[in-house]
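These notes concern the structure reproduced below.
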Amino acid sequence: MPQYVTVQTAYRNRPVSLSPTTVTAVFNPGALAILSIPAYLVLDIASFATVGSAAQVYGRLGIYENLAPPREPNGFGPERIDSLNDYMDAFHYGNFLWNNSDLWLTMYGLAYCIAAFVHFVRSERLYEVRDSMNDLITFAPFNWMYDELVRCGAVNDPFDQSKRYWNICEDGIENAREVNESLYGALKLAELLQPVPIVTVPPGSVNAIFYGLIDIFPVKRYFGIESNVRFEFPKK
């Protein structure tokens, strides 16, 4: 779960302990929740969207209820999600902590937020008035993570004009299927289940950042990936 996933590192010669939750503080909480919705849609429907319960209510099959786990670990029954506000409440108040889905939702929302922000910087040509991301954002945890994403190849830094052209891999990494076919399928399904793109971003950018976050934070085991597996990001 995000608050317990930490990485020990140094930023500008100072030791720091960072978690995905720390980094999310740079983004609007509502935006983070909304951009995590594609990840919610691919959660196991046997747990969250059950035909059986809907059949009892409506008297016919084929109608699904959107559900979230109870807010407390020993709470009674799942909670219904009938609106965007219901989902945002469940996301922010910790319903998904108790079934260990919170990390999947948080990491996907964070990856989408970063992809959207980097695309905004590029499309608005902010690199013409600032020299680096450090000049644009003063939140050290985000800056450290951003530098790591650029270093591993998950992000094409718009401030580096020597790399204007960037190879794209729609799967995020070249060896996505080999790394974990279930995760590969889940990320594909998240894209397909969106009726329209929530925010316009380059193809594959969310997935690339998602794999980048897995690489930066020690969560390979959570996603069923061997610790020695290397992600093949698009060649620069």
Side-chain angles (χ1 to χ4, degrees), residues 2 11-12 18-41 84-85 87-88 91-92 103-173 176 187-188 190-217 231 233-236:
Y11 180 76
R12 294 184 175 178
L18 299 177
S19 72
T21 301
T22 307
V23 178
T24 62
V26 78
F27 293 110
N28 179 286
L32 182 70
I34 290 172
L35 294 180
S36 74
I37 288 176
Y40 167 72
L41 295 176
L84 178 60
N85 284 339
Y87 173 73
M88 294 178 74
F91 179 86
H92 287 300
L103 183 59
W104 159 248
L105 296 174
T106 302
M107 294 277 278
Y108 192 90
L110 180 58
Y112 212 144
C113 282
I114 296 168
F117 181 67
V118 171
H119 181 65
F120 169 77
V121 171
R122 183 176 294 107
S123 61
E124 294 298 316
R125 303 177 70 88
L126 296 184
Y127 50 80
E128 294 182 348
V129 294
R130 294 288 188 273
D131 292 328
S132 69
M133 189 63 76
N134 289 321
D135 293 334
L136 195 62
I137 291 184
T138 58
F139 187 56
F142 175 83
N143 292 337
W144 172 83
M145 182 208 61
Y146 181 81
D147 289 343
E148 290 295 298
L149 289 172
V150 172
R151 179 193 57 77
C152 74
V155 169
N156 175 16
D157 183 12
F159 293 96
D160 185 353
Q161 290 299 289
S162 68
K163 300 186 181 70
R164 293 185 187 179
Y165 301 101
W166 189 267
N167 291 330
I168 291 175
C169 175
E170 293 191 4
D171 298 333
I173 54 176
L187 292 171
K188 281 287 188 186
E191 294 178 341
L192 292 172
L193 288 175
Q194 297 182 55
V196 294
I198 302 174
V199 177
T200 301
V201 294
S205 59
V206 174
N207 292 352
I209 294 171
F210 188 89
Y211 283 107
L213 293 173
I214 292 176
D215 206 33
I216 293 170
F217 294 101
F231 298 153
F233 291 98
K235 293 183 173 64
K236 303 176 183 179

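Computed from a predicted structure; not experimentally measured. Residue numbers run from 1 in the order of the sequence given.
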dist L110:CG -> L35:CG (nearest 0.5 Å) comes out at 10.5 Å
Between Y40 and Y87, does the ring centre distance come in under 6.0 Å? yes
Taking atom CE of M145 and atom CE of M133, what is their separation to the nearest 0.5 Å? 9.0 Å
In terms of heavy-atom contacts, G153 and P234 come closest through O-CD, 4.4 Å
Smallest heavy-atom separation, G212 atom then C152 atom, equals CA-SG, 4.3 Å
State, with a plain yes or no, whether a side-chain heavy atom of L136 is found less than 4.5 Å away from one of F159. yes
Quick check: does any side chain N or O of H119 sit under 3.5 Å from a backbone N or O of P202, one acting as donor and the other as acceptor? no
In Å, rounded to the nearest 0.5 Å, how long is the span from OH of Y108 to CG of L41? 9.5 Å
Heavy-atom side-chain proximity of Y146 to D157 below 4.5 angstrom: yes
Going through the checks in order, is the side chain to side chain contact (heavy atoms under 4.5 Å, CB included) test met by V199 and F120? CA-CA 10 Å; V199 177; F120 169 77; over 6 Å; no
Can you tell me how far the CD1 atom of I216 sits from the CD atom of E148, to the nearest 0.5 Å? 5.5 Å
Where L18 and W144 come nearest, the two heavy atoms and their spacing: CD1-CE3, 3.2 Å
Would you say the side-chain atoms of T106 pair up with the backbone N or O of L103, donor to acceptor, closer than 3.5 Å? no
Between F27 and I114, is there a side-chain heavy-atom distance shorter than 4.5 Å? yes
Nearest heavy-atom pair of M107 and P20: which atoms, and what distance? SD-CG, 4.0 Å
Looking only at atom types and distance, does a side-chain atom of R122 sit under 3.5 Å from a main-chain N or O of N156, one as donor and one as acceptor? yes
Test item: D171 side-chain N/O and I173 main-chain N/O as donor-acceptor pair under 3.5 Å: no
Side-chain contact, heavy-atom cut-off 4.5 Å: V23 with F139? no
Hey, what do you get for CZ (R151) to CG (L149), rounding to the nearest 0.5 Å? 9.0 Å
Locate the shortest heavy-atom distance separating P203 from E170; write the atom from each residue and the value. CB-CG, 4.1 Å
If we only count heavy atoms from C-beta on, is the S36 to Y112 side-chain gap below 4.5 Å? no
Nearest-0.5 Å distance, CG of residue L187 to CG of residue N207: 4.5 Å
Run the ring pair (Phe, Tyr, Trp, His ring centres under 6.0 Å) test against Y127 and tell me which residues pass, sequence neighbours left out. none
For residues 200-215, which residue pairs qualify under salt bridge (Lys or Arg N to Asp or Glu O under 4.0 Å), counting only residues two or more places apart or in two chains? D215-K220
Of the non-hydrogen atoms in A33 and M88, which two are nearest, and what is the gap between them? CB-CG, 4.0 Å
With sequence neighbours left out, write down each residue that passes ring pair (Phe, Tyr, Trp, His ring centres under 6.0 Å) with F210, or none if nothing qualifies. W104, F223
May I ask you to test the P158-V118 pair for a side-chain heavy-atom distance under 4.5 Å? yes
Sub-4.5 Å side-chain heavy-atom contact between I37 and F91: no
Any side-chain heavy-atom pair from P38 and E191 closer than 4.5 angstrom? no
Give a yes-or-no answer on whether the side chains of T22 and S19 include a donor-acceptor pair shorter than 3.5 Å. yes
